[in-house]
There are 2 protein chains.
Amino acid sequence: MTAIRVLLADDEHLIRGAPAALLALEDDLVVVAEAATGPEALAMARAHRPDVAVLDLEMPGADGVSVATSLRAELPGCRTMIVTSHGRPGHLKRALTAGVRAFVPKTVSARQLAGIIRTVHAGNRYVDPELAADAISAGDSPLTAREAEVLELAADGAPVAEIAERASLSQGTVRNYLSAAASKLGAENRHAAVRLARERGWV
Amino acid sequence: MTAIRVLLADDEHLIRGAPAALLALEDDLVVVAEAATGPEALAMARAHRPDVAVLDLEMPGADGVSVATSLRAELPGCRTMIVTSHGRPGHLKRALTAGVRAFVPKTVSARQLAGIIRTVHAGNRYVDPELAADAISAGDSPLTAREAEVLELAADGAPVAEIAERASLSQGTVRNYLSAAASKLGAENRHAAVRLARERGWV
DNA sequence: CGCCCCGCATGACGTTTGTCATGGGCAGTG
DNA sequence: CACTGCCCATGACAAACGTCATGCGGGGCG
């Protein structure tokens with residue numbers, strides 16, 4: 001049996017260090033490449049053609065999900081999985097629709113991670129039960145496309161006038177969307193709405 | 001020479017896994033305890049009396065700095081150091097004034113971490129050069145105590161009325177502080193101010 | 001001591017925002 | 001084709017917000 005070839009992409013070097021521990025215990029895994037940024041991960045994947053790519057969700061350059069989509073197009077044989085510290089429900093959904101095979105919080109142990117890598121390599125999927133429950137209970141985003149767009153422009157606390165200009169909309173319209181979004185999310189005002197949408201991964 | 005006794009506290013299991021790799025390479029370090037939350041870290045420290053405590057900044061229960069202050073009071077012989085993914089200048093300052101001996105980003109390798117642990121155990125300090133530069137250029141918080149307090153209450157987008165009640169202040173006063181804070185930070189409104197203050201670690 | 005500066009606190013005033021009613025255009029569905 | 005839901009826009013009114021003038025009290029300085 002030939003070993004599973006793994007690509008590790010994470011800007012936190014300590015996390016990339018974990019597989020060293022992994023290798024000491026598991027002899028059917030081999031780390032063929034490491035990367036600290038999104039673009040670097042892509043380049044490494046092209047060069048080394050891993051069986052499984054383990055991607056951090058938050059990386060400089062490009063986030064894990066977008067790397068996964070690129071990878072899916074370029075290297076269909078390569079399975080991808082995401083690890084993250086912040087398990088937002090929306091991110092999980094985005095990842096799964098991007099064809100990611102596993103979604104794992106960084107709270108797992110190296111041993112568990114090894115198991116999940118094997119699961120993924122065997123063609124199966126894995127999602128952390130906790131995160132899955134959150135995602136299901138949180139449900140889908142109730143926001144329309146425009147509402148989400150406007151809410152995103154409001155994310156850094158910009159005044160309505162600026163948002164209206166950047167979205168090429170009337171101020172009244174912007175206020176309407178913001179109001180609609182806030183009420184759909186059960187928020188008192190748009191800023192609280194932004195916060196909630198962020199928490200659920202809808203922005 | 002007897003080995004350095006280390007406590008590891010981090011909710012991300014993968015990070016705690018790194019020292020396993022470390023142990024394979026370094027024979028003068030021994031991990032005597034691990035913890036995933038703030039309170040757990042304290043309990044473990046009391047039970048095992050480590051030489052050096054390596055604490056994550058963001059943990060459930062209590063953050064690394066508050067654990068460090070408690071530790072300093074209870075186990076003066078124990079040196080503390082902080083590791084973190086998000087290197088905010090303000091956090092570094094808070095940590096140092098709390099008597100923490102080292103402040104390190106998670107981008108370091110396990111080998112570097114080992115070196116820093118030795119440095120700390122020898123009685124020296126270490127701060128990541130990058131973070132130090134940021135902290136110096138960012139400077140001190142220009143906010144007065146009340147301004148910071150009110151800004152913090154405004155952090156989740158609450159309306160002024162609620163903030164006023166929670167701070168036992170008049171609404172006008174709250175608006176004043178918020179306005180002052182925003183202008184000091186160069187922000188257009190309080191929400192942008194909150195965002196900026198967060199980035200700099202001043203809240 | 002008298003002085004001034006700064007932090008703290010408040011109410012008043014004009015502006016921005018949230019909300020609601022209303023209406024037209026446009027796509028998808030039964 | 002009628003219907004429904006989304007998008008875009010407008011105007012009006014009340015509530016929330018930002019800014020200013022003002023006043024009080026304590027610490028540093030001449």
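Here is how names work: the chains are called A, B, and so on, in the same order as the sequence lines, proteins then strands, and each is numbered from 1.
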Could you tell me whether Ser179(B) contacts a base, only the sugar-phosphate backbone, or nothing, with contacts defined as non-hydrogen atoms closer than 4.0 Å?
base
Pick base, sugar-phosphate or nothing for Ala145(A), based on heavy-atom distances below 4.0 Å to the nucleic acid.
sugar-phosphate
Would a 4.5 Å heavy-atom cut-off, applied to side chains only, mark Val83(B) and Val54(B) as touching?
yes
From C-beta outward on Ser170(B), which listed nucleotide comes closest to its side chain: dG18(C), dT10(C), dG18(D)?
dT10(C)
Give Arg146(A) one of three labels, base, sugar-phosphate or nothing, depending on what nucleic acid heavy atoms sit under 4.0 Å from its own.
sugar-phosphate
Expressed in angstrom and rounded to an integer, what is the separation of Arg175(A) atom CZ from dA9(D) atom C1'?
12 Å
If I take atom CG in residue Leu143(A) and atom P in nucleotide dG5(D), what distance separates them, rounded to the nearest angstrom?
18 Å
Rounded distance in Å - CD (Glu188(B)) to C1' (dT17(C)):
15 Å
Rounded to whole Å, the CD-C1' distance (Gln171(A) to dT16(C)) equals 9 Å
Going by atom types alone, do Asp63(A) and Ser66(A) pair a side-chain donor with an acceptor below 3.5 Å?
yes
Within the 4.0 Å heavy-atom criterion, would you say Leu169(A) contacts the bases, only the backbone, or no part of the nucleic acid?
sugar-phosphate
Spell out yes or no: do the side chain of Asn189(B) and the base of dC17(D) have one donor N/O and one acceptor N/O closer than 3.5 Å?
no
From dT19(D), dC8(D), dA12(D), nucleotide with atom closest to Tyr177(A) side chain
dC8(D)
So Arg118(A) and Asp28(A), salt bridge (charged side-chain N to carboxylate O under 4.0 Å, His left out) or not? Walk me through it.
CA-CA 9 Å; Arg118(A) 283 193 209 96; Asp28(A) 59 338; 2.6 Å; yes
Spacing between Ile163(B) atom CD1 and dA16(D) atom P, to the nearest angstrom
13 Å
Leu178(B) CG to dA16(D) C1', straight-line distance once rounded to whole Å
12 Å
Has Thr144(B) got a side-chain N or O lying under 4.0 Å from the OP1 or OP2 atom of dG7(C)?
no
Side chain of Thr173(B) - closest among dT17(C), dA9(C), dC17(D):
dA9(C)
Any sub-3.5 Å donor-acceptor pair from Arg190(B)'s side-chain atoms to Leu178(B)'s backbone N or O?
no
Do Asn176(A) and dC8(D) share a donor-acceptor pair, side chain to base, under 3.5 Å?
no
What is the distance, to the nearest angstrom, from the CZ atom on Arg190(A) to the C1' atom on dA15(D)?
14 Å
In whole angstroms, how far is the P atom of dG18(C) from the CG atom of Leu151(A)?
11 Å
